[in-house]
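Data block below; observations after.
By convention in this document, chain letters (A, B, ...) are assigned in the order of the sequence lines, proteins followed by strands, and residues within each chain are numbered from 1. Because the structure is predicted, anything quoted here is derived from the model rather than measured.
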Amino acid sequence: MIDLDLLRDDPDRVRQSMEAKRIGDPATVDRALDLDRQRRRAVTALNDLQRRQGELGREIGPLMKAGQRDQAAPLVEQSNAVKAQVKEHEETVRQLDADLRAAMLEIPNTLHPSVPVGGEDANRIEHEWGAKPTFDFEPLPHWEIAERHGLVDFERGAKVTGAGFPFYMGKGARLQRALIGLFLDLAGEAGYTEVEAPILVNEASGIGTGQLPDKEGQMYHVTGDDLYLVPTAEVPLTNLHRDETLDAGSLPVLYCGYTPCFRREAGSYGKDVRGLNRLHQFDKVELVRFVRPEESYEHLEALLADAERAVEALGLPYRRLTLASGDLGVTQAKTYDLEVWSAGQQRWLEVSSVSNFEAFQARRANVRFRPEEGAKPEFVHTLNGSGLALPRIVAALLENGQQADGSVVLPPRLAQAAGFDRIG
RNA sequence: GGAGAGGUGGCAGAGCUGGUCGAAUGCGUCGGUCUUGAAAACCGAAGUGCCCUCACGGGUACCGUGGGUUCGAAUCCCACCCUCUCCGCCA
């Protein structure tokens, strides 16, 4: 949710962000402003009536206590009349509140000035690291390598659950476990507190981080208990402090957590979804920061560095993009993507998305802090980044590490964590 | 899942035979007096959201959440959520 004061003071900026992000209808801004004006008028009227009701009640009280019902009768009659009006106005305010909130939830976060405006082709490549491997043979895509070594069983996953829910077998499974451990260790070294979180969350949490109502169809919904499977650990980790006022001295708060992630990926089909490229269930280590607003862009860079360190630990060539406005979601003010080079497919695969949400999530989730003793609570800024998502990392490791004899060599740091340095 | 108890301000804990209750009291916090300084003692301050106001200030709502009864609800009724105790079940 954006700041209502910003909407009132600078609606043009809000509209421009909507247009640049290509999200929503800019007319929503005017609708929200209109609802806001109506609501304030209604609240003022309601408060006046409530005051009158209180006055009458305080006059009636002593009379009733003294048994002077007759004297109280006309006042009671008045009070009943006011009560009816109060009820009416309450309903009006309730409706306007709901409408305004709905409109506000439709308005995406504003952009940081450094975000390039445009569509996907305006994404800015900032940095490239590592050398793409070269081969004196035709490198295979990871799904063929995985099949050859029995690392991932897509068919049986499809039988047991459905497409996009693979089994990892043997060294494939051990690799997952080693990567999760390695990523959590790296985050721990960087100062993050490790968290094991619930992987089912309630509706309020979905709203808090912005998955609801915007991306309703993307989460698996457990209807029996009205809970949602997490699409990322960002949801539980950020909602951990929902409706809290944090101690200023505790900031910044840094959490890392591993969870399986569940995404319906409704509407995404095509050749780029083969193998491990896009799954309904996958593993990811997520990094989350709660910070003071004035420091959030420094933290964005620090968080980015944390994610890059993880890729570099694996020796995978990668590049960093600053996402253009059109590629940003509802909630982000600025996002960097990290993409690793996947030699068998000859393409870049997104493995991390590092974002500053400024106060957008904090306002929805009501996470605040008190800047100093006695000061008013303010919203924190929240940030998060993958550190990292596993499947495409595994894809790149298999494709980049493949040898002429069909075996796969693992990078040293991973070999150490996994307990083996070669597959096949 | 069954039976019972309970959810009050930063914490603890009254109030719950409805009527200036945003709410006693204690602890903690902050300011002051005293002291060379500190402690103790004493005095005082201090919640959050929303609305009106340039401001000073004022109004209103909030005692788990949402409804209801009533002229009036922290106090009564209903539903839900959560915590605790006992029983059952169980990795």
Side-chain angles (χ1 to χ4, degrees), chain A residues 1-9 32-105 196-208 212 222-228 236 239-251 253 260 359 362-380:
Chain A
M1 189 130 49
I2 61 160
D3 186 356
L4 189 53
D5 285 331
L6 173 68
L7 186 77
R8 289 169 184 161
D9 296 344
L33 283 170
D34 185 50
L35 286 165
D36 176 45
R37 276 188 292 269
Q38 287 186 51
R39 191 191 78 92
R40 283 196 276 179
R41 212 177 305 131
V43 166
T44 304
L46 173 62
N47 283 173
D48 286 344
L49 287 165
Q50 284 170 325
R51 175 163 47 79
R52 181 67 192 135
Q53 202 178 22
E55 285 164 2
L56 287 167
R58 279 188 290 276
E59 287 178 50
I60 293 167
L63 292 173
M64 294 297 252
K65 235 178 179 172
Q68 297 171 302
R69 288 192 84 87
D70 295 350
Q71 289 202 38
L75 294 173
V76 169
E77 201 174 316
Q78 274 189 60
S79 181
N80 275 324
V82 175
K83 179 160 72 158
Q85 283 181 283
V86 166
K87 204 152 198 173
E88 213 172 289
H89 279 73
E90 275 177 346
E91 184 48 44
T92 306
V93 169
R94 201 196 323 266
Q95 189 59 51
L96 287 168
D97 269 336
D99 292 349
L100 175 59
R101 182 174 167 77
M104 290 298 284
L105 285 174
E196 181 164 316
I199 58 176
L200 284 167
V201 294
N202 57 28
E203 185 189 20
S205 295
I207 291 171
L212 296 174
V222 182
T223 53
D225 295 282
D226 198 18
L227 295 171
Y228 296 85
N239 279 284
L240 180 64
H241 289 303
R242 176 150 51 81
D243 292 324
E244 290 182 23
T245 301
L246 301 174
D247 183 15
S250 68
L251 296 178
V253 173
R363 200 171 286 111
R364 284 179 168 226
N366 190 28
V367 184
R368 300 181 294 173
F369 76 107
R370 209 178 287 281
E372 51 197 286
E373 186 82 36
K376 284 239 167 247
E378 267 181 57
F379 291 112
V380 300

Exercise. To the nearest angstrom, how far is A:Asp225 atom CG from B:C80 atom C1'?
Worked result: 14 Å

Exercise. According to the Watson-Crick and G-U wobble definitions, with both distances under 3.5 Å, which nucleotide is paired to B:U17?
Worked result: none

Seminar exercise, completed: Applying the 3.5 Å cut-off to both distances, the Watson-Crick or G-U partner of B:U60 turns out to be B:G49

Exercise. Nearest of B:G72, B:U48, B:G19 to any side-chain atom of A:Gln53?
Worked result: B:G72

Exercise. If only side-chain N and O atoms of A:Arg94 are considered, is one of them under 4.0 Å from the OP1 or OP2 phosphate oxygen of B:G67?
Worked result: yes

Problem set entry | B:C30: pairing nucleotide in any strand, Watson-Crick or G-U under 3.5 angstrom | B:G44

For this session: Could you check which of B:G19, B:U69, B:C51 has an atom nearest any side-chain atom of A:Arg39?
Result: B:C51

Problem set entry | A:Asn80 side chain to A:Glu77 side chain, donor-acceptor N/O pair below 3.5 angstrom | no

Problem set entry | Side-chain N,O (A:Arg40) to OP1/OP2 (B:G59) below 4.0 Å | no

For this session: Find the distance A:Asp97:CG to B:C51:P and express it as a whole number of Å.
Result: 9 Å

For this session: Grab the CZ-P distance between A:Arg51 and B:G72 for me, whole Å please.
Result: 18 Å

Exercise. Rounded to the nearest Å, what distance is computed from the CG atom of residue A:Leu63 to the C1' atom of nucleotide B:G19?
Worked result: 12 Å

Exercise. Between A:Asn47 and A:Glu77, who's closer to the 5' end of RNA chain B by nearest nucleotide?
Worked result: A:Asn47

Exercise. What is the pairing partner of B:G6, taking Watson-Crick or G-U wobble pairs with both distances under 3.5 Å in any strand?
Worked result: B:C82

Seminar exercise, completed: note: A:Lys376, atom NZ; B:A46, atom C1'; distance rounded to Å ~ 12 Å

Exercise. Say you pick atom C1' in B:U69 and the same atom in B:C78; how far apart are they, in whole Å?
Worked result: 10 Å

Problem set entry | Atom-to-atom span, CD of A:Gln78 to P of B:C71 - whole angstrom | 14 Å

Exercise. Have A:Ser205 and A:Arg242 got a donor and an acceptor in their side chains that come within less than 3.5 Å?
Worked result: yes

Problem set entry | Euclidean distance, atom CG of residue A:Asp243 to atom C1' of B:C81 [Å, nearest integer] | 14 Å

For this session: Starting from the C-alpha separation in whole Å, work towards a yes-or-no answer on side chain to side chain contact (heavy atoms under 4.5 Å, CB included) for A:Glu55 and A:Arg51.
Result: CA-CA 6 Å; A:Glu55 285 164 2; A:Arg51 175 163 47 79; 3.6 Å; yes

Problem set entry | d(CG, A:Asp247; P, B:C11) in whole Å | 13 Å

Problem set entry | Which nucleotide in B:U69, B:G19, B:C51 has an atom nearest any side-chain atom of A:Thr44 | B:C51

For this session: Taking atom CZ of A:Arg8 as the centre, report whether more than 12 heavy atoms of other residues, nucleotides or ligands fall under 6.0 Å from it.
Result: yes

Problem set entry | Minimum-distance nucleotide to A:Lys83 side chain [options: B:A61, B:C52, B:C71] | B:C71

Problem set entry | Within 6.0 Å of CD in A:Glu196, more than 12 heavy atoms from elsewhere | no

Exercise. Any side-chain N or O of A:Arg368 under 4.0 Å from OP1/OP2 of B:G49?
Worked result: yes

For this session: Kindly point out which of B:G68, B:G72, B:C50 is positioned nearest to the side chain of A:Val43?
Result: B:C50

Exercise. Nearest of B:C71, B:C51, B:U60 to any side-chain atom of A:Gln50?
Worked result: B:U60

